Amino acid sequence: MLQETIALAAEQAAPVAAGTDYDYVRRAVEFMTANWRRHPEVEEVAAHVGLSPSHFHHLFRRWAGLSPNMFLQALTIDRARDLVRNSSNVLDASLELGLSGPGRLHDLFVQHEAMSPGEWKIGGAGLQIRWGFHESPFGRALVMTTPRGLCGVGFSDGDDRAAFADMAGRWPNAAFIEDVASTEPYARRAFEREKWSPDQPLRVVLIGTDFQIRVWESLLEIPIGRADTYANIARKLGQPTAARAVGAAVGRNPISFCVPCHRVLGKSGALTGYHWGLTRKQAMLGWESGAVSA
DNA sequence: AGGGCCCATCGCA
DNA sequence: TGCGATGGGCCCT
């Protein structure tokens, strides 16, 4: 827990485009995490990020549909433990009711297909990836698409080149074309909750090894507002001793947020890790708890 | 084909 | 806390 706090504090170095809602949220989350022991009052957090309490309140309502207090509550370790503890029951129940897969209330509906290594490496010359940066509730997002659908979502914390290198390095043989106009509809579909609809599922292509694809597909089964654990996913895949391998595969998920790797926690409820920063993972979980209660 | 090393894990002393 | 087991991915021979 203490280590986690230290790790979070260390992330403060990275700047994010100023003036956006997420910039305030990020700083609030960092501050609250760094001072969780004291349980700071909302007034103090607002002052820290440079807003009046009422502006702070308003911003959170706009950003997540939550009051700052509820958001704060959603970030506690106990709450995370609850997410994990309840997840299997809820998941089992929804499976029994036939509600799983591409048909859950209030979730981002994702229709996926898989592209195995053989398919994209050997024929790799053909893979064209269009990319562009877009504002999102979680900062500046890098969106990548193939003709078959969304293949990548990453985030920039002030260094677009680094974010691009991170994503592009995953498919070294592909041809990359900057094309904001064609990535824009994907960004809106993914990040604007009003556009989430079963009639208009987000088309996604999973590019990875067979094992990675099995792990990523299982992430799509975790309902919004819930969480699962690495160990439990391993068990569900029929490989109960492969929790760590699951962790590695989750960490390689190229389609951040849309394939909800942020909904995987350690068995203790600890956040463990997130490729794009633990602060962002917390923000996503808090934001989603607003989506569920809305 | 196989060794070595990394990893967003876990459980036990 | 600290450590060993663990499975997959990647890079090197």
Side-chain angles (χ1 to χ4, degrees), chain A residues 1-14 26 29-30 33 75 77 79-81 83-85 87-88 114-122 124 127 138-139 142 151-155 157 162-163 165-174 206-222 226-288:
Chain A
M1 177 68 109
L2 186 57
Q3 281 177 341
E4 192 173 296
T5 305
I6 291 167
L8 280 168
E11 282 179 26
Q12 295 190 8
R26 176 181 61 80
V29 169
E30 283 165 355
T33 308
L75 295 187
I77 192 86
R79 164 78 179 150
R81 243 192 288 267
L83 290 186
V84 170
R85 185 167 47 233
S87 67
S88 14
M115 202 183 286
S116 68
E119 199 174 347
W120 61 271
K121 234 178 218 162
I122 296 168
L127 187 58
F138 313 105
L142 171 56
C151 69
V153 174
F155 294 93
D157 285 307
D166 183 314
M167 293 302 298
R170 296 160 190 247
W171 307 291
N173 297 328
L206 304 178
I207 307 177
T209 66
D210 290 340
F211 181 79
Q212 286 171 336
I213 286 167
R214 285 204 297 147
V215 170
W216 299 339
E217 283 174 337
S218 80
L219 300 184
L220 291 169
E221 300 295 317
I222 308 172
R226 297 285 163 195
D228 209 338
T229 67
Y230 301 98
N232 197 40
I233 290 172
R235 197 174 51 75
K236 280 197 262 185
L237 293 179
Q239 299 179 72
T241 55
R244 194 162 185 183
V246 167
V250 171
R252 301 283 306 161
N253 168 34
I255 317 179
S256 189
F257 183 69
C258 302
V259 175
C261 55
H262 56 282
R263 295 182 198 151
V264 191
L265 309 176
K267 203 163 206 180
S268 68
L271 282 185
T272 53
Y274 195 68
H275 186 78
W276 304 103
L278 287 185
T279 298
R280 187 169 270 111
K281 185 174 186 175
Q282 282 193 315
M284 284 179 180
L285 292 170
W287 188 85
E288 290 191 335

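Convention: sequence-line order gives letters A, B, ...; per-chain numbering from 1. Note that the structure is a prediction, hence the values are computed from the model and not measured.
Chain A approaches DNA chain C within less than 4.0 angstrom (heavy atoms of the protein), and the contacting nucleotides run 5' to 3' from C:dA5 to C:dG9.
Checking side-chain atoms of A:Asp228 against main-chain N and O of A:Ile222 turns up no donor-acceptor pair under 3.5 Å.
A heavy-atom distance below 4.5 Å is found between the side chains of A:Tyr230 and A:Thr272. For the pair A:Leu271 and A:Leu265, the minimum side-chain heavy-atom distance is below 4.5 Å.
Using a 30° and 60° split on the angle between ring planes, A:Trp287 and A:Phe257 fall in the perpendicular class, above 60°.
At the phosphate of B:dG11, OP1 or OP2 sits under 4.0 Å from a side-chain N or O atom of A:Lys267.
Pair assignment for B:dC6: C:dG8, on the basis of Watson-Crick or G-U wobble contacts that are both within less than 3.5 Å.
Separating the OH atom of A:Tyr274 from the P atom of B:dC7 is a distance of 19 Å, rounded to the nearest angstrom.
Among the protein residues, A:Phe211 comes within range of the sugar-phosphate backbone only, with heavy atoms under 4.0 Å from sugar or phosphate atoms but none that close to a base. Across all strands shown, A:Ala243 has heavy atoms under 4.0 Å from sugar-phosphate atoms exclusively, and none from any base.
Contacts of residues 248-257 of chain A with DNA chain B (heavy atom under 4.0 Å): A:Ala248, A:Val250, A:Gly251.
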Just do the side-chain contact (heavy atoms from CB on, under 4.5 Å) check on A:Cys261 and A:Trp216 with the steps written out, would you? CA-CA 8 Å; A:Cys261 55; A:Trp216 299 339; over 6 Å; no
